Amino acid sequence: MSQPPIVRVALDHPLAELYDYAWRGDVPPRIGQLVGVPFGRRSAVGLIYEVADTSDVPSDRLKEVETICEAMSPVSQAWLDLIAFAAGYYHRALGEVALPALPAPLREPERWARLFAREPQFAPTPEGRLALPDALPSRAVALRRLAEALLESGRLSASAARELHAKAVATLESWVESGWACRVETEALANPVEVADVSSPDGAAAAATARMPAATSDQAAALAEIDAATGFASFLLYGVTGSGKTEVYLRALERLLERRPDAQALVLVPEINLTPQFERTFRARFGHLAPGAIVSLHSGLAEGERTRNWLAAHDREARIVLGTRLAVLASMPALAMIVVDEEHEPAYKQQEGLRYSARDLAVWRAKQLDIPIVLGSATPSLESWHQAEQGRYQRLTLATRAVAEAVLPTVRLIDQDMERKRGIHSIEGMSPTLVAALRARLERGEQSLIFVNRRGYAPTLACDACGWVAGCPRCSAYAVLHKADRTLRCHHCGWEARIPRACPECGNVDLAPLGRGTQRVEEAIAGVVPGARVLRIDADSTRRKGSAEALFDNVHTGGVDILVGTQMVAKGHDFQRVSLVGVLNADTALFSHDFRAGERLFAQLMQVSGRAGRAGLPGEVMIQTRYANHPLYASIARHDYAGFARAALKERREARLPPFAFQALLRADARTLEAALAFLDAAAAELEGLPGAEHVTRYDAVPLTIVKVMHVHRAQLLLESGSRAALQAALRAWQPRLRDIKGGDTRGMIRWSVEVDPLDI
DNA sequence: AGCACGCCGACT
DNA sequence: GTCGGCGTGCTC
C-alpha cells in the first residue's frame, strides 16, 4: 500500500492499449483524468483508464506522470466505456479513439493553464456585430484583426487579445465605452450568446416556428410513444419531407428538459453548415433556457468555441448539444435522450481515420445509458428499416404533411428512349418537355430547380480524333473541365491545370467536353430559357465561407428563377416558390456496382422531390431517364418508400448483403498496385484458421474504382459474414498478424487499415 | 503514428 | 567534405 500507485493511461498511439506510469501526486489519481506524460523523447497526453498497485513493466522503466489537467474534470466511466466500445468495434487502440475525440487545446498541456484561467473576457454586443465590420479603416490592420477575432469566436479573453496586439485590451475597453462590446465576468469557458437575426427570412421562419404550431394527430401519437419510453428505446421516426419530424424532436426534448431540469440531450444532424434553419429553430424554441444551454459541436467552429462548447457539455452547463457526427463522442454526463435527424445520411459515416458510424454509435450509447433515441428520416437506411421490421426499433409514422396546403408533388418520368425513337431530340441534354416546363414556370413567375449530380462544366475533356481523354496525372481519374476559370481539375487530389489548346496526343484542336456538370447545365439553360435568372449552387460556387447563405437568401427573396445545383440544394432549405424540380443524369446510379447506389439514389430523389411545391403551389418533379420502366423510378413516382424498401430488402436478403450480412474491408495503399494486391493476398492467407474465420467469406483483393490517388495505388479485400460476432473475432485475431506481414512481394511502403461496416465498396 | 538513428548520392 | 533520401526500430 505504501507503493506509489500505477496509472494505466490511454495514449494516441497504436501499439499498446494502455501504458503504465508511476503516480507521485499528493492526491490519489482518478480514473478519467487527463494527464501529461513523458513518452519516448517527447511528451504526450493521455487519459487514465485504470489505477493499479503493480505493473508488468519493470519499475526502472516506469516513468512518472508529469502534469494533471485541472481544466477538465475527469470524464465518466460511461464515456470511457463508450470509447472502449468504439475502439474495440472498429479495431483501434483506446487512445486512438479517446484523444482525437477531445478538442485540440485539451490535448496540449501547455494550454491547460490558460483554459482553466478565469480572466476578463470580451464579447461583441448586437450593435457591435453590426457596426464593427464597417467602422474600421481598412489600413488599421491590427484593429481589424482584433475585431475579426472578437466577432468570429464571440468571446475574446484579455490574454488572447494581447497576443494580437499589445494595446488590444485598451481598444476593447474603448469598444465597451461605445457600446460595441461588453465585458463578460462569468466563467471563462461559458458559451457566447447567439444573436438571433429576425430580419432575415430564415430568422422570421424560426420565429414563426417558435410560436408552436398545433401538433397533427400523427405527431401527437409519436410524441406519446416517445414520452412513454422508460429506459432504452429506439424509435424510427418515419415521415416525408414536411411531415414535421423536427416538431416532434422539439416537443420531445421540451418535455424531457421540463421534466428533468438536470438532463442533457444530444441532437445529431448530418451537416450543420447546410442546415442553419434547423439550428435557428432550436435556438428560437429553447430561447427560454439559460444562455449557453444550447451549444453546437462541429468541425466548422473556431477552436476556442468548440472547446468551450465541448467543456460546457462535459460540465453539464449545456442542456442540448446540436452537432454533426463528431458530437456523438461528446462527454455528456447527464445524457437522457438522443435524436439523429436524417439518420440515413452517408455523412454520419466518418470516411477517414477512425471510420465510425455516428448513427450506430448513437444507438449503442442510448442502449448503454438506458435512454430513448429517435432516428428520423423520410427514407430510412435499409439497416434501420430492417430493424423496425424486426421489431427492434419502434416505428413512428408521420403520414400527413404538417403544412396543410402542401401536397406531395406529381412525379413524371421523361422517357428519353421513347422520345429518341419518336425523333424528339434533347436540347443540350435536356428533353424539350423539361425545357417547355421551365419556360412555363418562368412565365408564371414560379421558380424551378434542376438537380445535376456533378459539379464542374463537364466530367472531362476528350479528343474526337484520337480518343484521348483528359486525366489527372496523379490519379487514375478523369480531369474535370471547369470552364468558368478555364481549368482542368481533379476532384480527388486538387490537381489543376489550364485547359490545353490542342490534344496532347495528336495535336487536334477540336477538343470537346464529354458529359455535363452543373456549370454546363447552367450555361445551357441560360441559352434555352431566355430571360431566366439562373443561379448555380454547388461546392464551387459556395466555396467562400458564408457565400452559400447569401446565395440561398437570393433564392428565398425571389431574385432567382432557375436554380441549378448538386445535392447541396436538396438539404435543409425550404424553397417556398419552387414548383418544378428537374433531375438530369440520374440513371448512372441504377447500374452501379455499389449495391447501395440504388438506396442512395432513392433517398436523393425523394429529398429533391420534397423541394417542390411546399407553399400551396402544386409541385411537379420531372426525371429524365432512359430506363423509364425501372422499378426504382416507379416507387419514386408513387412516393412509395415502403415498397422500395420491401423490394430492396428482398434483393439484399437473396444476395446475402447488409443488413443480412456484416462486412469489413481491409484497405491497402502502396506505391504500386502489385504491392497493394500482394499485401492483401498475404493478409487473406493469414486469415486461415483464425477464430471465427470459418464463418467469414473472403473475396478476392481488388483495385479500387479510382485505383490511384496522388500516385498512391489503392486496393481492398472484402470480408463478409452472417455473424457479426464471428467477423469481429476474426478481425481481432487478424490484426497482429497483419502487422507482421513484411518482406516478400509486399516490400515497399504499405499503409493498411481495417474498416468495419463500410458504406462504399 | 512520430521520430530517432543509420548508411549512400548531389551540392554550398 | 556535408545535406538529405527514406529503411528500420522504439516508445510504459
Side-chain angles (χ1 to χ4, degrees), chain A residues 3-25 28-69 80 83-84 86-88 90-102 104 106-110 329 350-356 666-672 674-676 678-679 682-683 710-714 734-756:
Chain A
Q3 288 279 82
I6 304 291
V7 290
R8 316 200 66 215
V9 178
L11 302 176
D12 186 2
H13 201 80
L15 287 179
E17 286 284 28
L18 296 173
Y19 297 83
D20 296 359
Y21 286 89
W23 178 272
R24 294 200 193 277
R30 286 192 287 169
I31 286 171
Q33 240 169 348
L34 197 59
V35 291
V37 294
F39 189 69
R41 259 158 274 255
R42 294 160 301 144
S43 58
V45 167
L47 263 181
I48 301 181
Y49 252 83
E50 293 170 13
V51 177
D53 300 325
T54 56
S55 169
D56 294 339
V57 179
S59 60
D60 57 325
R61 290 186 60 196
L62 272 184
K63 294 180 182 173
E64 283 176 32
V65 171
E66 264 167 358
T67 38
I68 300 161
C69 178
L80 293 174
I83 297 300
Y90 294 109
H91 300 279
R92 299 296 164 104
L94 286 173
E96 287 185 290
V97 183
L99 292 147
L102 303 176
L106 284 172
R107 282 178 268 149
E108 294 166 37
E110 317 79 68
L329 294 179
Q350 171 93 39
Q351 288 295 13
E352 56 197 26
L354 180 79
R355 296 179 167 236
Y356 62 92
L666 177 63
R667 288 214 158 88
D669 292 357
R671 234 170 314 181
T672 64
E674 291 67 35
F679 171 83
M710 288 292 267
H711 298 302
V712 173
H713 288 79
R714 317 180 302 167
W734 203 23
Q735 213 79 358
R737 302 201 178 203
L738 291 175
R739 261 175 232 136
D740 291 341
I741 299 175
K742 267 181 199 131
D745 290 335
T746 67
R747 93 199 94 77
M749 200 185 57
I750 304 262
R751 290 166 78 100
W752 55 268
S753 64
V754 168
E755 177 173 4
V756 180

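Predicted model only: the values in this text are computed from it and were never measured.
Separating the CG atom of Asp12(A) from the P atom of dC3(B) is a distance of 12 Å, rounded to the nearest angstrom. Whole-Å rounding puts the Arg92(A) CZ to dA1(B) C1' distance at 11 Å. Distance Glu352(A) CD to dA1(B) P: 14 Å, rounded to the nearest Å. As rounded to whole Å, 13 Å separates atom P of dA1(B) from atom CG of Leu738(A). Taking atom CZ of residue Arg107(A) and atom P of nucleotide dG2(B), one finds them 12 Å apart after rounding to whole Å.
The side chain to side chain contact (heavy atoms under 4.5 Å, CB included) test applied to Pro100(A) returns Asp12(A), not counting sequence neighbours.
Expressed to the nearest 0.5 Å, how far CH2 of Trp734(A) lies from NE2 of His91(A) amounts to 10.5 Å.
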What N/O pairs connect the protein and nucleotides 10-12 of chain C at under 3.5 Å? Give each pair on its own line.
{"residue": "dT11(C)", "atom": "OP1", "partner": "Arg61(A)", "partner atom": "NH2", "Å": "3.0"}
{"residue": "dT11(C)", "atom": "O3'", "partner": "Gly40(A)", "partner atom": "N", "Å": "3.0"}
{"residue": "dT11(C)", "atom": "N3", "partner": "His13(A)", "partner atom": "NE2", "Å": "3.3"}
{"residue": "dC12(C)", "atom": "OP1", "partner": "Pro38(A)", "partner atom": "O", "Å": "3.4"}
{"residue": "dC12(C)", "atom": "OP1", "partner": "Gly40(A)", "partner atom": "N", "Å": "3.3"}
{"residue": "dC12(C)", "atom": "OP2", "partner": "Lys63(A)", "partner atom": "NZ", "Å": "2.6"}
{"residue": "dC12(C)", "atom": "O3'", "partner": "Asp20(A)", "partner atom": "O", "Å": "2.7"}
{"residue": "dC12(C)", "atom": "O3'", "partner": "Lys63(A)", "partner atom": "N", "Å": "3.0"}
{"residue": "dC12(C)", "atom": "O2", "partner": "Asp20(A)", "partner atom": "N", "Å": "2.7"}

Without placing hydrogens or testing angles, list every side-chain donor-acceptor pair under 3.5 Å for residues 55-63 of chain A, not counting sequence neighbours.
{"residue": "Ser55(A)", "atom": "OG", "partner": "Asp20(A)", "partner atom": "OD2", "Å": "2.5"}
{"residue": "Ser55(A)", "atom": "OG", "partner": "Val57(A)", "partner atom": "N", "Å": "3.0"}
{"residue": "Lys63(A)", "atom": "NZ", "partner": "Gly40(A)", "partner atom": "O", "Å": "3.4"}

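Here the side chain of Glu17(A) pairs a donor or acceptor atom with the backbone of Leu94(A) at under 3.5 angstrom. A side-chain donor-acceptor contact under 3.5 Å links Tyr49(A) to the backbone of Leu80(A).
Relative orientation of the Tyr19(A) and Phe39(A) rings is perpendicular, given thresholds of 30° and 60° on the angle between their planes.
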